[in-house]
Amino acid sequence: MADFSNHSMWAGLDPQRREAFTRAIDEGTAGSMLVQNLTNRIVQQLSLRHYGILGVMDTRPGQGQQAIINRRTAATAGTWAEDTAVLTDTPGTYSQETFTYRSMLAQAQVTRKIRATGRSYIDILAEEMTKRLEDFNERLDGGLLRGDPSGYFVGGTSVETFSTQGFLSACITYDSGSQVISNGYALGGAGSTTLGTTLTLKNLDKAIDLVKGSANRNDMIMTSSYAGIRAINAALTNRQVFNDTVEIAAGFRVRTYDGIPIIPDTNMVDTFSYTTSGMSGNATLLTETGGSSTNILVMNKRLNWIEELTPTTVMPLARDTSQYEAFDIFWDGAAVVGNPMGSSAVIGIITT
C-alpha cells in the first residue's frame with residue numbers, strides 16, 4: 001500500500017479517511033472515480049477552408065435591384081488617306097450589362113436545454129453563431145468564385161442571366177472562351193473529354209498577358225487550389241523558387257509569381273473535367289466533378305469586384321417558443337465583372 005502519511009495534502013484528515021482514499025488509489029482503476037477530467041474549452045471545427053475570393057476582392061456598396069455596367073466595344077479609328085479623301089466615321093458600339101443582386105441565407109438554432117447544460121463550459125449560442133458564420137462564408141465564397149456550374153457548358157446563355165454567377169464562370173463563358181488558356185487539349189475530336197495536363201509556365205504567362213491592365217501588378221491577383229499552387233511551384237526551375245512574398249488584406253503574407261499575389265481558395269476544387277465541344281478543339285470546362293484537374297484564375301481587382309446590397313449580417317430572431325433560440329445569417333450582392341477582359345483562366349491543370 002502506498003504511504004502518503006508524510007504528504008502535506010493529508011494534513012487535517014483523520015487516519016480512517018486517509019486510509020480509505022489510499023485504498024481507492026491502490027485498487028486497480030478505482031482511483032479514476034476520484035479524478036475530475038478537464039475538457040478543453042476550444043471547439044475544433046472539422047474543416048479545411050480558405051476563402052480567397054471573399055478575403056481579397058474589393059467590396060463596393062450597391063443600390064437598387066442590380067448592378068449596371070456600361071461597356072464599349074472598340075472600333076478601328078484613324079485612316080491613312082490622301083488629302084482629298086472623304087473620311088467615314090466608324091464609332092464604337094455600346095452595351096449595358098446587369099448583375100442582379102442575389103441573396104445567400106442560412107439559419108440555425110440552439111435549444112434552451114442545451115444552452116443551459118453547457119453554460120459552465122461555453123456560451124453555446126455564441127459559439128454556434130461563430131461556427132455557422134464560417135459555414136456561411138464557405139458557401140458564399142464558392143458562389144462568388146464558381147457561380148452556377150451550368151455556366152461552364154459551351155453554348156450557354158450569357159453568365160449574367162444565371163441564377164448565380166461567379167468570377168470563374170464569367171471568365172470561362174466570355175466571348176466563346178477568348179480569355180481561357182487551355183493547359184491541354186482533349187484527344188479524339190470534339191465532344192471527347194480530358195482530365196488536363198501538367199502546368200507549364202508558358203500558359204500561365206499567356207493568361208497574365210490576356211488580362212487588361214496586367215502591367216500594373218498592384219491591381220492583380222491569381223487564385224487557385226492548394227494543388228494548383230503546388231503545380232506553379234513544380235513548374236518553376238530551381239532558380240525560380242517562391243522567394244518573394246507580399247502582404248495583402250488583414251496582414252496576411254502570401255507568395256507571389258511575377259509580382260502577382262497567389263491566393264489559395266479551397267472552393268477552386270481539384271475535380272474539374274473538360275470537353276472540346278464548341279471550342280475548335282480547345283478544352284473548356286464541362287463539370288466540377290468527375291475529373292482530377294484544377295484551374296488558375298487571374299484577375300484585375302480594379303475591373304472586378306464584389307458589390308454588396310446588404311453586407312453579411314447575423315440577426316437573432318424573436319422568440320416565439322421557450323424551446324430554442326434561432327438566428328438568421330444573410331447577404332445580398334453580386335460578383336460584378338466590370339470588364340470581362342479583366343480576368344483570364346488557365347484550365348486543365350492536372351492534380352494527380
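These values consider heavy atoms only, across backbone and side chains, with no hydrogens, waters or symmetry-generated copies.
Between the OG atom in Ser214 and the CG atom in Leu303 there is a gap of 10.5 Å [rounded to 0.5 Å].
Partners of Asp328 under the side chain to side chain donor-acceptor pair (under 3.5 Å) rule, at least two apart in sequence or in another chain, are Gln107.
Thr351 and Asp270 are not linked by any side-chain donor-acceptor pair at a separation below 3.5 angstrom, with hydrogens and angles left out of the test. Using modelled atom types and a 3.5 Å distance limit, the side chains of Asn304 and Ser343 yield no donor-acceptor pair. Residues Asp265 and Tyr226 have side chains that never bring a donor and an acceptor to within less than 3.5 angstrom of each other.
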Yes or no on salt bridge (charged side-chain N to carboxylate O under 4.0 Å, His left out) for Arg302 and Asp58, after CA distance, side-chain angles and deciding distance? CA-CA 8 Å; Arg302 188 164 45 87; Asp58 295 335; over 6 Å; no

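Heavy-atom neighbours of Lys212 NZ from other residues, nucleotides or ligands within 6.0 Å: at or below the threshold of 12.
Phe136 and Ala106 make their closest contact through CD1-CB, 3.7 Å (heavy atoms, listed as atom of the first residue, atom of the second, distance). Scanning both residues, Met220 and Asn216, for their nearest heavy atoms gives CG-O, 3.6 Å.
A donor-acceptor pair under 3.5 Å is absent between the side-chain atoms of Arg71 and the main chain of Glu97, judged by distance alone. Panel note: side chain Arg146, backbone Asn267; a donor-acceptor pair is recorded below 3.5 Å.
Considering only heavy atoms from C-beta on, Leu168 comes within 4.5 Å of Phe272 through its side chain. Counting heavy atoms from C-beta on, the side chains of Tyr174 and Val337 never come closer than 4.5 Å.
One hydrophobic cluster, built from ILVMFWY side chains closer than 4.5 Å, holds both Met104 and Ile329.
Other members of the hydrophobic cluster containing Tyr101, listed by chain and number, are Leu309; membership follows side-chain contacts under 4.5 Å among ILVMFWY residues, whether direct or relayed.
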